[in-house]
Structure formats: structure tokens, C-alpha cells
There are 2 protein chains.
Amino acid sequence: MTSAPKLSDQLCFAAYSFTHALNRAYRPLLEPLGLTYPQYLVMLVLWEADGQTVKEIGERLKLDSGTLTPLLKRLEAGGYVMRRRGKEDERQVIVHLTDEGRALSEKAAGIPVELGCAMGAELGEIAELRERLLSLRDRLSEAGCAVGEPEE
Amino acid sequence: MTSAPKLSDQLCFAAYSFTHALNRAYRPLLEPLGLTYPQYLVMLVLWEADGQTVKEIGERLKLDSGTLTPLLKRLEAGGYVMRRRGKEDERQVIVHLTDEGRALSEKAAGIPVELGCAMGAELGEIAELRERLLSLRDRLSEAGCAVGEPEE
DNA sequence: CGAAATCAAATTGCGCGCAATTTATATCGG
DNA sequence: CCGATATAAATTGCGCGCAATTTGATTTCG
């Protein structure tokens, strides 16, 4: 008798609802900066290395141009980045921080700390959890198309 | 000098991209059933207990009527559930499985197993990770409005 | 060189998630 | 009993995420 899978047993639901809770926790912290959470992630990528192409940003965040193009336009409208066609290769668009965008990193510096406190978890626990999630993510991505073949 | 937070240091990004990877892994498994991942979660809730109100489903999944109402309408259009106004309290809408919706649980029974294999993780590891994510989620939710007060 | 294949962004369409508002029903207090 | 309050869904508006397609530039190869 194949009983239905239980919600409470599922790692997937735990990850799903944890992510949403994180999103909700970030919202009030990011709102004063005029950023959504995915926009914040893009800014993190640019603070690490300015002048990346849409493709490079997408590889880092695992997002495609369908998501990034409108998001970057909103960041541009907000005055945090500038989008320029590449000079050598006109297919690509290079994203540069504005002065304002660079300056924003100072205001955002306290956010991870604050979130860490809200979770009340130790740095070591956080780090370990992070590694496990990234490793499972990569295994899932590798499995990728292999998922789905019947067992018999 | 307050340097910008690093993407790679962040638990939040790990959770974010793990969740998206899970979503992508579920997609090809759920597509033959005609379900999206959030729809699958709703079905999990109903397979455990049929005849719940929109509110009850929302409490279980941490979703509100703005998300659930259109989702449930699509499930109804797909023939898996029926939505009925409550007889005692006409404010609430009670969601019932159809025969087809109940039958679907058999086809979905293999999905968690398949995903577990794709992640190549042990049951114990999965269970532990799940508990930690749920516990952090709840701590985040409790902190809730407390998040955001300045430190000085 | 020039057509075909490849590649980077942009666009389109759809389903979430959630804040904010609206509608309809139920309950409470005077 | 009736108006005020509270509650459950539904609705509206916006920003993702992603599949699929389109547009325009570049590379490949005959």
C-alpha cells in the first residue's frame, strides 16, 4: 500500500518554507534601501566584482536573462547600476555600479549580522548548514536530466 | 572599514538557490501529473486531511488567500479538487478532493524517493537538515517584527 | 567571402508570493 | 435588535522565476 507522502517528512517543504521566512525577514531590512531580495543578491555580486555581464551574474545566481533583464532595468531606474552594451562584443550587456550603488554597500553591511541574530544560530552551525545546502543543490543540478527515469 | 557582505558567506543564498534547484528537479516529475510544485504541496496537505478550509491550508503551508485562491481555482479547473462554501460559516471555503485528486496520490508516491536518490543523501542527513531548517524558520518568524531595530 | 550555426539579451506568457484593499458573512457590545 | 468590529476569501498590483521564442551580433566552416 503506497500511502501518500507526508508534508512533514519532506525536506523540500522545509527548504521552501525556510526560504520564504528568510524572504519575509529580509523585506523590512531591505525596504529602506529600496531593494527586493533578488535585487540585493545582484548587488552582492556586483559589490564583489563590478562590471560583469548579465550572463556572469546569472551564472553566479543561477538566474537567466528572463529574470535578470527586467530586474536590472529596475536597478538602473533606481539609480544603482548602469547597463552598457559591450564594446568588443555587442551581444553582451555589462552592468556597472553607480556611485550610489557602490555607496549602498555600507548601508547593507549590517544586514547579515542582524539576520544571524534573528535566527539565533551560531556561526559554525550556519556555515555547516550552508555547505550542506550548496552541496545538495549541486548534486541535484548534476542529477538534472537523469531525474525521471522509471525504476523498472 | 565595513566591507560588503559576500555572497558566498550567506546562508540565505544557499537556501535560496537550493530551493530553486529543488523546484527545477521537481518540475519534470510533476509535469506528467499536471501539477506545479506549490500545487503539489497543497495536494500533500489534502491527502493528509481532506475537506480543509483555505485558511487551514494556508496555515499549514504559510501561504495566504492571495496565493491560494487562484492556485485552488487552477486545481479545480484541473479536476483535482472542488471548492464549496461552508454551510455553517459561509465566509469560509472548504476544499474537497475529487476521486481523481485522491487517485493522484498513488502516482505521486514515488516522487520523494526519486528526489532523495537524486540528492544522494542519507535519510538521517535529510531528516536532520529538515529539522534544522524548520527550527530556524520558526525562530525567524518569531523574531518577525523584532527584526529591524537599530543597534544604537 | 558568405551562409549556417552559435551565442547573449530581450521579450512573451504564465504561475506563484505577498502587500493592500474589497466583499460578504459572522460575532460582539450597547 | 442593530451598528461596530472581526473574520474569511477574493481581488488588485507588482516583482520574481522560468520556459519558449525572438532579435541581433559573432563565430564557424564550406
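Chain letters run A, B, ... following the sequence lines, proteins first and then strands; every chain starts at 1.
A:Lys55 places its NZ atom 12 Å from the C1' atom of C:dT6, with the value rounded to the nearest Å. A:Phe13 places its CZ atom 14 Å from the C1' atom of C:dG17, with the value rounded to the nearest Å. B:Met43 places its CE atom 13 Å from the P atom of C:dC16, with the value rounded to the nearest Å. To the nearest angstrom, P of D:dG15 lies 13 Å from CG of A:Leu35. For B:Leu41 and C:dG15, the CG to C1' distance is 14 Å, given to the nearest whole Å. We find that CG of B:Leu71 is positioned 16 Å from P of C:dC14, with the value rounded to whole Å. Atom-to-atom, CZ of A:Arg83 to P of C:dA9 comes out at 10 Å; the value is rounded to the nearest Å. Between the CD atom of B:Gln39 and the P atom of C:dG15 there is a distance of 8 Å, given to the nearest Å.
Side chains of B:Arg102 and B:Thr98: no donor on one and acceptor on the other come within 3.5 Å.
Judged by distance alone, the side chain of A:Glu90 and the main-chain N or O of A:Lys87 form no donor-acceptor pair under 3.5 Å. B:Arg85 places a side-chain N or O within 3.5 Å of a backbone atom of B:Arg91 that can act as its donor or acceptor partner.
Not one side-chain nitrogen or oxygen of B:Gln92 sits closer than 4.0 Å to the OP1 or OP2 atom of C:dA24. Side-chain nitrogen and oxygen atoms of A:Thr53 include at least one within less than 4.0 Å of the OP1 or OP2 phosphate oxygen of C:dA9. Distances shown here put every side-chain N or O of A:Arg74 at or beyond 4.0 Å from the OP1 or OP2 atom of D:dC14. The phosphate of D:dT11 has OP1 or OP2 within less than 4.0 Å of a side-chain N or O from B:Lys73. At the phosphate of C:dG17, OP1 or OP2 sits under 4.0 Å from a side-chain N or O atom of A:Tyr16. Within the structure, every side-chain polar atom (N or O) of B:Thr69 is placed at least 4.0 Å from both OP1 and OP2 of D:dT11.
Between A:Tyr16 and B:Tyr37, the angle of the ring planes goes over 60°, which puts this pair in the perpendicular group of the 30/60° scheme.
Counting heavy atoms from C-beta on, the side chains of B:Val45 and B:Gln52 come closer than 4.5 Å. A heavy-atom distance below 4.5 Å is not found between the side chains of B:Leu104 and B:Leu97. By the 4.5 Å heavy-atom criterion applied to side chains, B:Leu133 and A:Leu11 are counted as neighbours. The side-chain heavy atoms of A:Leu33 and A:Tyr40, taken from C-beta on, include no pair separated by under 4.5 Å.
Comparing D:dC16, C:dC16, D:dA9 by their nearest atom to the side chain of A:Pro38 picks out D:dC16.
Hydrophobic clustering, with ILVMFWY side chains joined whenever heavy atoms are under 4.5 angstrom apart, groups B:Ile111 together with A:Leu140.
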What do the steps show when you test A:Glu59 against A:Lys55 for salt bridge (Lys or Arg N to Asp or Glu O under 4.0 Å), and what is the final call? CA-CA 6 Å; A:Glu59 275 164 4; A:Lys55 178 145 216 276; 3.2 Å; yes
Below 3.5 Å between N/O atoms, which protein atoms pair up with nucleotides 18-23 of chain C? Just atom names and distances, please.
from: C:dC18; atom 1: OP1; to: A:Arg24; atom 2: NH1; distance (Å): 2.4
from: C:dC18; atom 1: OP2; to: A:Arg24; atom 2: NH1; distance (Å): 3.3

Protein-to-nucleotide contact annotation, 5' to 3' order, nucleotides 23-28 of chain D [B base; S sugar-phosphate only; - none; under 4.0 Å, heavy atom]: -BBS--
